[in-house]
Amino acid sequence: EEIPSGSEVKFVVPDEEERIDDICEVYHETSQKEDELVISIDEMTGIQALEQIADELPMSVGKAVAREFEYKRHGTQTVIAGLNVATGEVHGVCGETRKEEDFALFIENTIHNNPDYNKYHFVLDQLNTHKSETLVCFVARLIGDNQELGVKGESGILKSMKTREA
C-alpha cells in the first residue's frame, strides 16, 4: 500500500549534538504544520507479565488494602510505543519479541492509522531495529522507490546500519 503522491516519511535518529537541534525544531514546528505527523518512539523489553495468585484483602478501619506478595510469572513482554507530539496521544503494541519485523510493522500501522498526513516524522534512538533491512524495504515500497537497494552486509543502501540510516 503506497502513501499519496508527494508524501514523505522521515526518520530522525539522534547520534550527534546537532541532531538534537533538528529534533527540537521538529517538535517546535509540530503545532504549526497540520499536514505533518510527529511521533516519538521508544521500546521497553523484558517486562515481566505477572498475575496475582490471591485476591487482595479489603481495607478495614486502621488497615490498608493487603496484597499477597507472591505471584505467578507468565514470561516477559516487549512494548513499542509512539507519542504523538502534537496531541499527547500514545499508541503502542505489546508483544513477545522485539525484532526488526515488529518495529517495521509498528511504523506501518502508525502510517496506516493516520492516513491524512503528507509527511511523517519518526523520532528514534540508535536501536539497531530502527535501521533494519526490513524497515528500509518497507519505506522504499511505501514511497514507491523502485531502485535497487543492494544486499545486506554486502552492497548498496542495505550494506550496513550506517548506509541504511541515511
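Because only heavy atoms are used, hydrogens play no part in the values below, and waters and symmetry mates are left out as well, while side chains stay in.
The number of heavy atoms from other shown groups lying within 6.0 Å of NE2 (His28) does not exceed 12. For Asn113, the CG atom is densely surrounded, since the number of other residues' heavy atoms within 6.0 Å is greater than 12. The 12-atom threshold is exceeded at CG of Asp35, counting heavy atoms of other residues, nucleotides or ligands nearer than 6.0 Å. Shown here is Glu101, whose CD atom has more than 12 heavy atoms of other residues, nucleotides or ligands within 6.0 Å.
Contact between Leu37 and Tyr117 at its shortest, heavy atoms only, is N-CD2, 3.6 Å. Taking both residues in full, the closest heavy atoms of Leu158 and Cys137 are given as CD1-SG, 4.3 Å, listed atom of the first, atom of the second, then distance. Closest approach of Ile157 to Arg164, counting heavy atoms only: O-CG, 3.1 Å. What you find for Gly156 and Thr163 is that their closest heavy atoms are O-OG1, 3.7 Å.
Separation of atoms NZ (Lys162) and NZ (Lys131) is listed at 7.0 Å; rounding is to 0.5 Å. One distance of note links NZ of Lys63 with CG of Leu57; it measures 9.5 Å at 0.5 Å rounding. With values rounded to the nearest 0.5 angstrom, Met44 atom CE is found 13.5 Å from Ile80 atom CD1. Residue Phe106 holds its CZ atom at 11.0 Å from CD1 of Ile111, rounded to the nearest 0.5 Å. Between the CG atom in Asn114 and the CD atom in Glu89 there is a gap of 8.5 Å [rounded to 0.5 Å]. A distance of 10.0 Å separates CD in Glu165 from CG in Leu124, rounded to the nearest 0.5 Å.
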Practice problem: List the steps and the verdict of side-chain contact (heavy atoms from CB on, under 4.5 Å) for Val123 and Ile39. | Solution: CA-CA 6 Å; Val123 181; Ile39 301 287; over 6 Å; no
Exercise. Could you please spell out the steps behind the side-chain contact (heavy atoms from CB on, under 4.5 Å) verdict for His91 and Asn109?
Key: CA-CA 10 Å; His91 298 278; Asn109 287 336; over 6 Å; no
Quiz item: Can Glu154 and Lys159 be said to form a side-chain contact (heavy atoms from CB on, under 4.5 Å), step by step?
Solution: CA-CA 5 Å; Glu154 294 181 21; Lys159 182 177 183 177; 5.8 Å; no
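Side chain to side chain, His130 and Glu43 meet the donor-acceptor criterion of an N or O pair below 3.5 Å. For the residue pair Tyr27 / Ser40, a side-chain donor-acceptor distance below 3.5 Å is found, with atom types taken as modelled.
Between Thr76 and Thr45, every side-chain heavy-atom pair lies at or beyond the 4.5 Å cut-off. Arg98 places none of its side-chain heavy atoms less than 4.5 Å from the side chain of Phe103.
Side chain of Thr30 to backbone of Val26: a donor-acceptor contact under 3.5 angstrom is found. With hydrogens and angles disregarded, no donor-acceptor distance shorter than 3.5 Å links the side chain of Glu56 to the backbone of Pro58.
Screening Thr134, Thr97, Thr129, Thr78 against Asp102 for a side-chain hydrogen bond (donor to acceptor under 3.5 Å, both in side chains) leaves a single residue, Thr97.
Here Glu100 pairs with Lys152 in a salt bridge; the nearest charged N to carboxylate O distance falls below 4.0 Å.
Glu96 meets the side-chain hydrogen bond (donor to acceptor under 3.5 Å, both in side chains) test with Gln77; sequence neighbours excluded.
Using bins of under 30°, 30° to 60° and over 60° for the plane-to-plane angle, the ring pair Tyr120/Phe122 lands in the parallel bin.
Put simply, Val85 and Ile23 are part of the same group of oily side chains (I, L, V, M, F, W, Y) that touch within less than 4.5 Å, one to the next. The hydrophobic cluster containing Val93 also contains Ile41, counting ILVMFWY residues as joined when their side-chain heavy atoms lie under 4.5 angstrom apart, directly or transitively.
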